[in-house]
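As structure tokens, the structure follows; a few thoughts come after it.
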Protein chains: 2
Amino acid sequence: MAMTAPGTTSPAISSSQDTDLDHLDHLLTPKQRARLESIASALKYTCRDQIVYHQGQVADALYFLDLGMVELTTYQKSDGDRHIVAFLYPGDLFGLSEDGRYLNTVRTLAPTKLYRLPLDDLQRLLVQDARLQLLFLAKAAQELRKAQRQKIVLGQRDPCRRLASFLLEFLRSNQYYDPETRIVSLPMNRRDIADYLALTHESVSRALAKLETEGMVQRQSPRLVRLKDMRALNDLATY
Amino acid sequence: MAMTAPGTTSPAISSSQDTDLDHLDHLLTPKQRARLESIASALKYTCRDQIVYHQGQVADALYFLDLGMVELTTYQKSDGDRHIVAFLYPGDLFGLSEDGRYLNTVRTLAPTKLYRLPLDDLQRLLVQDARLQLLFLAKAAQELRKAQRQKIVLGQRDPCRRLASFLLEFLRSNQYYDPETRIVSLPMNRRDIADYLALTHESVSRALAKLETEGMVQRQSPRLVRLKDMRALNDLATY
DNA sequence: CGGAGCATTGAATTGCATCAAGGCACGTGG
DNA sequence: CCACGTGCCTTGATGCAATTCAATGCTCCG
């Protein structure tokens with residue numbers, strides 16, 4: 001495991017506190033921005049459940065999520081068991097591959113805008129501009145931290161703990177969390193949450209119910225959850 | 001999630017099939033090697049259970065594992081529950097940090113040799129040499145793949161499946177796996193394995209016993225496990 | 001002084017009881 | 001109709017405790 005973005009000690013590099021508004025863009029010089037735009041093509045998905053690419057397809061590009069939300073899933077063996085590896089927020093990069101093939105299937109969960117960066121062009125660009133490459137390295141380190149955290153969350157066997165960690169992930173999001181009302185607006189269904197947390201959808205329901213009876217959250221509707229006792233949630237959550 | 005090493009499509013970049021012998025070194029030009037050596041300091045640990053650094057210490061260097069094996073652990077909250085994030089093989093980089101502090105504690109599991117690369121020197125070097133930086137980016141992508149796989153393994157609830165995946169990880173290792181006899185020589189105890197797989201040490205024992213009664217493995221001694229039915233293990237394992 | 005045998009420690013394993021997550025079925029509501 | 005929630009039952013992982021085993025250190029005796 002591991003890889004520190006060398007830049008995390010430098011103010012020039014992205015902090016670990018990315019939010020919806022804190023995109024890669026803000027860190028770019030005008031020239032870098034122009035160069036990236038010259039190789040990028042914008043993609044827009046107006047509805048959810050659209051596939052960006054499939055696991056196993058030849059990997060020829062990296063993607064930058066600008067708006068919306070996508071899920072990254074991996075399908076196991078022959079049996080259909082699905083595993084959601086991550087939910088991605090604006091500012092995240094995706095396109096992880098191995099032996100030239102994408103490792104995941106990427107699906108939109110909401111109207112989404114993203115940029116497609118062809119790998120060969122991008123590599124050329126990153127070799128030309130080493131400072132720009134440092135930003136990508138920092139992004140990679142950020143994803144690594146996220147994966148490590150998530151691994152620890154999955155290590156917890158109490159569904160409530162996993163769910164608490166999951167809910168708290170939304171604090172980063174401007175789009176799906178309103179600090180005023182402290183309401184999380186879940187862009188995915190119980191099944192998706194279950195596949196992400198390695199639970200069944202029933203267990204997700206039950207865990208949510210338990211958190212509610214314990215006064216930590218309050219369900220306005222299935223997709224709208226108000227975080228009542230942030231302190232207790234934080235204590236429960238692993239990270 | 002995600003980040004493809006742009007280089008995975010280029011033969012110049014490290015393949016995903018790293019083994020103990022396939023170190024970063026082999027991919028470096030003599031000049032790159034010399035530059036890295038000029039900023040690196042070699043560290044040798046002659047026995048196991050030595051701490052390289054502690055979680056929370058100020059992160060000022062990246063490390064390259066040259067020989068031996070280390071474990072990367074994260075300690076939770078106040079209670080002592082420990083989570084082993086990864087076991088590292090020769091060729092791996094470590095030193096992941098957040099807000100300038102190391103995220104893990106690194107401990108040797110065997111006599112170990114590693115190189116210490118101060119972050120400020122390294123960043124300078126990577127800005128000078130963008131091609132060298134691509135190698136680091138590729139390493140980061142590799143760690144990301146590893147973390148993603150591990151996350152899926154932890155998603156499985158059957159301890160046997162997790163253990164099978166764990167045992168198969170050793171196939172990469174020249175040091176701890178002998179293809180002739182097909183014997184894995186475990187460098188860690190049951191407790192460590194348990195903390196890695198999010199099980200109890202009893203569950204590890206039981207899972208191993210079950211794999212043995214089903215003819216997939218054979219215990220020569222607690223630390224020596226012969227892989228009898230590779231096919232069945234692969235079917236059982238997630239990845 | 002040296003070596004055989006015993007004691008101690010810790011890891012690993014196994015039996016047993018418990019408990020909680022999963023799976024099924026059904027009901028509800030948008 | 002599909003997503004969500006919930007009661008009931010089953011299953012299997014956990015936790016505790018007892019046992020085995022290995023390695024080490026120690027004593028005591030030759």
Side-chain angles (χ1 to χ4, degrees), chain A residues 47-49 71 79-84 107 109-110 153-167 184-214 217-226 236, chain B residues 47-49 71 79-84 109-110 153-167 184-214 216-226 236:
Chain A
C47 51
R48 41 173 296 141
D49 276 329
E71 65 170 30
D79 58 359
D81 77 63
R82 181 179 72 137
H83 209 282
I84 296 186
R107 190 165 65 94
L109 286 177
V153 169
L154 291 186
Q156 305 288 343
R157 56 202 74 273
D158 181 7
C160 290
R161 285 179 176 260
R162 298 194 209 175
L163 190 63
S165 301
F166 172 72
L167 289 173
V184 174
S185 163
L186 299 171
M188 72 291 282
N189 63 27
R190 297 290 185 267
R191 178 52 177 237
D192 290 333
I193 299 175
D195 287 348
Y196 179 58
L197 297 177
L199 298 169
T200 60
H201 62 98
E202 293 100 326
S203 290
V204 174
S205 274
R206 283 187 274 257
L208 200 54
K210 194 173 175 190
L211 290 185
E212 188 165 33
T213 63
E214 290 178 2
V217 306
Q218 188 177 3
R219 283 176 286 191
Q220 319 293 89
S221 84
R223 297 286 186 109
L224 294 180
V225 179
R226 198 160 75 81
L236 198 60
Chain B
C47 50
R48 42 173 295 143
D49 275 329
E71 64 169 31
D79 59 358
D81 78 59
R82 183 179 71 138
H83 209 282
I84 296 186
L109 287 176
V153 169
L154 291 186
Q156 304 288 342
R157 57 201 81 270
D158 181 6
C160 289
R161 284 179 176 260
R162 298 193 210 177
L163 191 62
S165 301
F166 173 72
L167 289 174
V184 174
S185 165
L186 300 171
M188 72 291 282
N189 62 26
R190 297 289 185 267
R191 179 50 175 244
D192 290 333
I193 299 175
D195 287 347
Y196 179 59
L197 297 177
L199 299 169
T200 59
H201 62 99
E202 293 100 325
S203 290
V204 173
S205 273
R206 282 188 274 257
L208 199 55
K210 194 172 175 189
L211 290 185
E212 189 165 32
T213 63
E214 290 178 4
M216 298 191 197
V217 305
Q218 188 178 0
R219 284 176 286 191
Q220 318 293 87
S221 82
R223 298 285 187 109
L224 293 180
V225 179
R226 197 161 76 81
L236 198 59

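Just the heavy atoms: all of them, side chains too, but no hydrogens, waters or symmetry mates, feed the values below. By convention in this document, chain letters (A, B, ...) are assigned in the order of the sequence lines, proteins followed by strands, and residues within each chain are numbered from 1. As the structure is a prediction and not an experimental result, all values here were calculated from the model.
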Kindly list each side-chain donor-acceptor pair under 3.5 angstrom involving residues 193-200 of chain B, sequence neighbours excluded, with atom names and distances?
residue, atom, partner, partner atom, Å
B:D195, OD2, B:R82, NE, 2.8
B:D195, OD2, B:R82, NH2, 2.6
B:Y196, OH, B:Q150, OE1, 3.2
B:Y196, OH, B:E169, OE1, 3.2
B:Y196, OH, B:E169, OE2, 3.1
B:T200, OG1, B:S203, N, 3.2
B:T200, OG1, B:S203, OG, 3.0

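- If you measure from atom CD of B:Q218 to atom P of C:dT13, you get 14 Å, rounded to the nearest angstrom.
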Measure all distances between protein nitrogen or oxygen atoms and nitrogen or oxygen atoms of nucleotides 3-12 of chain D, and list the pairs falling under 3.5 Å.
residue, atom, partner, partner atom, Å
D:dC4, OP1, A:R223, NE, 3.3
D:dC4, OP2, A:R190, N, 3.0
D:dG5, OP1, A:R190, NH2, 3.2
D:dG5, OP1, A:R219, NH1, 3.2
D:dG5, OP2, A:R190, NE, 2.6
D:dG5, OP2, A:R190, NH2, 3.2
D:dG5, OP2, A:S205, OG, 2.9
D:dG7, O6, A:R206, NH1, 3.0

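- Atom NE2 in B:H83 sits 7.0 Å away from atom CD in A:Q156 (nearest 0.5 Å).
- At most 12 non-hydrogen atoms from other residues, nucleotides or ligands lie less than 6.0 angstrom from CZ of A:R191.
- In this structure, B:E212 atom CD and C:dT14 atom C1' are separated by 13 Å, rounded to whole Å.
- Between the NE2 atom in A:H201 and the CZ atom in A:R206 there is a gap of 9.0 Å [rounded to 0.5 Å].
- Atom CZ of A:R162 and atom P of C:dA21 are 9 Å apart (whole Å).
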Would you tabulate the pairs of protein nitrogen or oxygen atoms and nucleotide nitrogen or oxygen atoms of nucleotides 28-30 of chain C closer than 3.5 angstrom?
none

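- Distance CD1 (B:I193) to P (C:dA11): 13 Å, rounded to an integer number of Å.
- Heavy atoms from other residues, nucleotides or ligands lying under 6.0 Å from CZ of A:R226 number more than 12.
- Here A:L236 contributes atom CG and A:L163 contributes atom CG; the two are 9.0 Å apart, rounded to the nearest 0.5 Å.
- Contact check for B:D192 versus B:L109: side-chain heavy atoms found under the 4.5 Å cut-off.
- For the pair B:Q220 CD and D:dA22 P, the interatomic distance rounds to 14 Å; values are reported in whole Å.
- One finds the CG atom of A:L186 at 5.5 Å from the CZ atom of A:F166 (value rounded to the nearest 0.5 Å).
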